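Because the structure is predicted, anything quoted here is derived from the model rather than measured.
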Amino acid sequence: MSKHEPKPLASERDAYWRVVGMAQATDTDVEAAFEAGELTAEGWADIIGRCRSCRWAKGCDQWLAADDGARRAVPQACLNSATFEALQPERKPKS
């Protein structure tokens, strides 16, 4: 596949579980962000959509499989890195 050919989308199920795994590994509480109104249903759909189209899926799977239980920084190769970083507690503005 050349770099100009479109990449087939990953399944929604696979993307969902990658996003959940990334959130857990990076200590990003997407459920709390959703409940607090910091993450909308549209925002959640956007996260899944970006993950489905990501070309780093194999690298992501390897990164997630190497999880040792300690909190890790969001890999910059992740298309959702900015979103995960923005939702982490230490990044949120204090009220």
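- Minimum heavy-atom separation, P75 to S81: O-CB, 3.5 Å.
- Between the side chain of R71 and the backbone N or O of T26 there is at least one donor-acceptor pair closer than 3.5 Å.
- R18 places none of its side-chain heavy atoms less than 4.5 Å from the side chain of C54.
- Residues N80 and I47 come closest through the heavy atom pair ND2-O, 3.0 Å.
- Contact between D29 and A32 at its shortest, heavy atoms only, is OD1-N, 2.9 Å.
- Of all non-hydrogen atoms in W63 and A73, the two that sit nearest each other are CZ2-O, 3.4 Å.
- Across all their heavy atoms, R52 and A10 have their closest contact at NE-O, 2.7 Å.
- Among all heavy-atom pairs drawn from F34 and T40, the shortest one is CE1-C, 3.7 Å.
- Defined by atom type and a distance below 3.5 Å, a donor-acceptor pair is present between the side-chain atoms of R50 and T83.
- Formation of a donor-acceptor pair under 3.5 Å by the R72 side chain with backbone atoms of A25 is not found in this model.
- Residues satisfying the side-chain contact (heavy atoms from CB on, under 4.5 Å) criterion with S53, sequence neighbours excluded, are L9, L79.
- Taking the six-membered ring for Trp and thresholds of 30 and 60 degrees, W44 and Y16 have ring planes more than 60 degrees apart, a perpendicular arrangement.
- Annotation: side chain of E85 is in contact with side chain of Q76 (closest heavy-atom distance under 4.5 Å).
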